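Notes follow the structure.
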Amino acid sequence: MAADLKREALAVLKKFFGYESFHQLQYQVIEHVIGGGDALVLMPTGGGKSMCYQIPALLKPGCAIVVSPLLALMKDQVDALIANGVPAAAINSQQTEAQNREIIDNVYRGNIKLLYISPERLLADMDRWARDLRINLIAIDEAHCISHWGHDFRPEYSQLGLVRQRFEGVPVMALTATADRLTRDDIKVQLNITGAKTFIKSFDRPNISLAVVSGLSGRDKMRRIVNFIENHSGQSGIIYCLSRKSTESLAVNLRGLGFNARAFHAAMPTSEKLAIQRDFINDDLQVICATIAFGMGIDKSNVRWVIHYNMPKNLESYYQEIGRAGRDGMSADALMFYSFADVKALMNFANDSTQALVNIEKLNRMQQYAEANVCRRRILLSYFNERYDHDCGNCDVCNNPPDRFDGTKLCQMAMSAMARTGENIGFKTVIDILRGSRKNDIVAHGYDKIKTYGVGRDLTTTMWNAYLLQMLQLGLIYIAYENDNHLKITELGKEVLYGKRSIMLSRFYFDAVVREKKKPAKTIFDDNEVDTMLLEKLKATRKAIAVARHIAPYMVFSDKVLTKMAVAKPVTKAQFGMLYGVAEAKTEQFWLQFTSVIKEHLKRGEI
Ligand code: ADP
Ligand code: ZN
């Protein structure tokens, strides 16, 4: 019996989605709800939540209802299902009542397997549907929206607790990518599914590489970003900024350098925002410079990188934002810039917020992550209460273990400059003195006369910045926020200054991450086998099909499927149909176009 169900489920998975096996926990969830049980499914973004309700919907007679908070997400899901030959539809306020009624008629006649709907609409028609329609499952996506603890409470969700009673005998499945424990527990209570079985998948996203770069000036940041995007040519990505103004100036600068970049923030007109989202989804726009307003309704599976221009306010936001990359499981890169200016600005926000103490503590944890000298993934996952007992091998710390040197002399120079000016100066002035600047400000104060003036000329401003940051992290100095941000020397610092103690620093490399990325990226399969010229041609074919069918390129095939295609080079329909991620409906529709391109390419290769 169980073996039969598994076989059937795998057949449906291959037929409609083209996959050979289930991801971790997917089958367990499917088996549980087919048996009639309620379920709470916690998986990270890209973990494969949708399959948990789509497969049962297809296995059982009747139709599944999927509650979703965002119209755009519903539309994407329905488009993707239809492209795979799954009869799906959405009921929403943008369609006429007649259209919506026709869809319900189709559900009634058994012609729809998945019906996507907003919570308010389900609640409005629930009694009638519970009586008249054959509903086999109710899936509540983004279930954290029902909890006040969550980061995205939605009042429309609050009445969904009624569903459990009204649809007697129909399993209810709540799904979310929210990692925090309080929200998880609350979802079950609010939905009246306290008896639901909980399925938790690891929140690790091993395909996303993690890197942090601290203490760069604005100009160096820009150089670094340019370098980074050049290393990701043709790959979509998002740059998150703290302010609207910086999204705009960054986008302007990048366009000036010839990059295809646009700004995106909440104050822009809706029509413009929608157009930008569309372009991004359709691979017509490479770079989005956005405030956190961007990303919620975006399902695009081939976002290949995320840059944080500023440090986010907490690790929850950071993890959610980098999580928008690499949903297709292919390697993706997350780079974060970190500076004191960010910490200062965020500290002000936190201080003024309603839950100041909690927010300050969260900010501290974020800062510790940024400053860490141990595997970053370990820090992240332990923050989310997950056991992770090894180094990941895919973060900057793992790839570039800190190269330490005796920095005692260097620290003494800096602290001597501070001491000789009465600890009345900030970062900039310390560096100006050390580097022997002739700025008016320096000369006017007579700083050019002190003994330390110019002794640090050998190091660049950027390097001094980085080393001062380390001195701060190591507790040799601190910032007197109440005193114009002047730098003060701690007791520990004094011990170093007076030669009673030595201190090790991590060597600063401007190009650390860039060098690291030139090594072949760690991917699921061997990069060398991919014929990149062929891959480009396949991408062009995908784009042409997407335009003709008015769907997003990633819905035709994901980057992962195309990459596998470029390795396997199928030339017959049968070979094409056996590829990973190629469903039956897509074999029928697309095999000829893609195999022709491949055949043509192979022919050229032989000449
Ligand atoms: P989530 O909703 O959890 O963010 P999705 O359901 O969108 O994740 O799935 C993420 C990606 O993984 C999609 O491209 C999906 O097609 C793919 N996927 C899901 N299940 C499997 C599977 N068993 N094998 C291979 N790919 C899968
Ligand atoms: Zn690591």
Side-chain angles (χ1 to χ4, degrees), residues 9-10 12-14 16-30 41-55 66 68 70 73-74 76-77 80-81 83-84 86 114 139 141-143 173 175-179 199-212 295-296 298-303 320 323-330 332 334 369 372-382 388-402 516 522 524 552-564 579-583 586:
L10 282 169
V12 167
L13 182 70
K14 179 64 199 165
F16 290 107
F17 304 98
Y19 301 131
E20 302 286 342
S21 58
F22 285 110
H23 283 168
Q24 189 201 349
L25 286 185
Q26 279 177 330
Y27 182 69
Q28 285 90 317
V29 177
I30 293 165
V41 178
L42 309 159
M43 291 184 179
T45 313
K49 284 186 286 299
S50 334
M51 220 59 91
C52 296
Y53 54 82
Q54 287 168 351
I55 302 280
V66 184
S68 171
L70 293 167
L73 282 184
M74 282 189 218
D76 283 357
Q77 291 255 9
L81 285 167
N84 274 331
V86 178
L114 285 131
D141 209 359
E142 313 287 345
M173 180 189 297
L175 305 106
T176 178
T178 293
F199 297 86
I200 306 182
K201 183 171 166 171
S202 164
F203 274 68
D204 188 17
R205 303 284 309 278
N207 58 320
I208 303 178
S209 81
L210 307 168
V212 178
M296 257 309 277
I298 297 289
D299 225 348
K300 184 177 166 73
S301 75
N302 62 339
V303 175
Q320 191 180 36
R324 302 213 162 103
R327 292 181 66 155
D328 53 12
M330 293 265 289
Y369 170 84
N373 261 332
V374 298
C375 171
R376 295 197 201 275
R377 208 171 304 271
R378 287 180 91 138
I379 304 178
L380 271 179
L381 291 169
S382 71
Y388 190 85
D389 57 10
H390 55 283
D391 287 351
C392 77
N394 196 22
C395 75
D396 52 350
V397 181
C398 283
N399 286 332
N400 256 318
E516 161 208 330
K522 221 184 102 183
I524 331 106
Y554 77 85
M555 280 182 202
V556 178
F557 287 126
S558 71
D559 281 9
K560 189 162 167 182
V561 174
L562 278 202
T563 310
K564 296 223 173 201
L579 269 186
Y580 165 95
V582 179
K586 287 186 179 170

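Both ligands and their constituent atoms are indexed starting at 1 by order of listing. Because the structure is predicted, anything quoted here is derived from the model rather than measured. One is the number of the first residue; the rest follow in order along the sequence.
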Mind running side chain to side chain contact (heavy atoms under 4.5 Å, CB included) on Lys49 and Val29 for me, showing each step along the way? CA-CA 10 Å; Lys49 284 186 286 299; Val29 177; over 6 Å; no
Could you tell me whether the side chain of Arg377 and the main chain of Cys395 form a donor-acceptor pair under 3.5 Å? no
Below 4.0 Å from any atom of ligand 1, is there a heavy atom belonging to Ala177? no
Enumerate the atoms of ligand 1 whose separation from the nearest heavy atom of Ser21 is less than 4.0 angstrom. 22 (C), 23 (N), 24 (N)
Can you find a protein heavy atom closer to atom 15 (C) of ligand 1 than 4.0 Å? yes
Contact between Gly47 and ligand 1, counting heavy atoms under 4.0 Å? yes
Nearest 10° is fine: what angle sits at the Zn ion (ligand 2) between SG from Cys398 and SG from Cys392? 120°
Sub-3.5 Å N/O-N/O distance, Gly48 and ligand 1: yes
What's the separation between atom SG in Cys375 and atom CG in Asn394, rounded to the nearest 0.5 Å? 9.0 Å
Would you indicate which of Gly46, Gly323, Ala80 comes nearest to atom 1 (P) of ligand 1 when only heavy atoms are counted? Gly46
Work out whether the distance between some heavy atom of Thr45 and some atom of ligand 1 is less than 4.0 Å. yes
Kindly indicate, with the supporting measurements, whether the criterion side chain to side chain contact (heavy atoms under 4.5 Å, CB included) is fulfilled by Phe17 and Gln54. CA-CA 10 Å; Phe17 304 98; Gln54 287 168 351; 3.6 Å; yes
min-distance protein heavy atom vs atom 20 (N) of ligand 1 -> Gln26 NE2, 3.0 Å
Got a second to check how far Arg327's CZ is from Ser558's OG, nearest 0.5 Å? 12.0 Å
Looking at Val212, is its backbone amide N or carbonyl O close enough to the side chain of Asp396 to form a donor-acceptor pair, meaning the two atoms are under 3.5 Å apart? yes
Does ligand 1 have an atom that lies less than 4.0 angstrom from a heavy atom of Met43? no
With atoms numbered from 1 as shown, which atoms in ligand 1 lie under 4.0 angstrom from a non-hydrogen atom of Phe22? 23 (N)
Give a yes or no on whether the backbone of Gly48 and the side-chain of Gln26 come within a donor-acceptor separation of less than 3.5 Å. yes
Quick one: CD on Gln77 to CE on Met555, what's the gap to the nearest 0.5 Å? 8.5 Å
Got an N/O contact under 3.5 Å between Asp328 and ligand 1? no
Does ligand 1 have an atom under 4.0 Å from some heavy atom of Gly329? no
Taking the Zn ion (ligand 2) as the apex, Cys375 SG and Cys395 SG span an angle, rounded to 10°, of 120°
Can you tell which part of Arg327 has a heavy atom less than 4.0 Å from ligand 1: side chain, backbone, both or neither? both
Of all protein heavy atoms, the one nearest atom 21 (C) of ligand 1 is His23 CE1, 3.4 Å
Evaluate side chain to side chain contact (heavy atoms under 4.5 Å, CB included) for Leu380 paired with Leu210, printing each intermediate quantity in order. CA-CA 10 Å; Leu380 271 179; Leu210 307 168; 3.9 Å; yes
Using modelled atom types only, decide if a donor and an acceptor are shared between the side chain of Asn373 and the backbone of Pro402 within a distance under 3.5 Å. no
At what distance is the nearest protein heavy atom to atom 6 (O) of ligand 1, and which residue and atom is it? Ser50 OG, 2.5 Å
Mind checking the CG-CZ spacing from Asp204 to Arg378? Nearest 0.5 Å is all I need. 12.5 Å
For Met51, the ligand 1 atoms whose distance to one of its heavy atoms is below 4.0 Å: 19 (C), 20 (N)
Below 4.0 Å, non-hydrogen atoms only: which portion of Ser558 touches ligand 1? Side chain, backbone, both or neither. neither
In ligand 1, the atoms that come under 4.0 Å of a heavy atom of Pro44 are 3 (O)
Closest protein heavy atom to atom 13 (C) of ligand 1, given as residue, atom name and distance to 0.1 Å: Tyr19 OH, 4.6 Å
Value for OG (Ser50) from CG (Leu175), rounded to nearest 0.5 Å, stands at 8.0 Å
Heavy atoms only, cut-off 4.0 Å: how does Phe17 contact ligand 1, side chain, backbone, both, or neither? neither
Sequence neighbours left out, what passes salt bridge (Lys or Arg N to Asp or Glu O under 4.0 Å) with Asp559? Give chain and number order. Arg304, Arg542
Does Ser301 approach ligand 1 within less than 4.0 angstrom via side chain, backbone, both or neither, non-hydrogen atoms only? neither
Output for pair (Asp328 CG, Thr563 OG1), nearest 0.5 Å, gives 8.0 Å
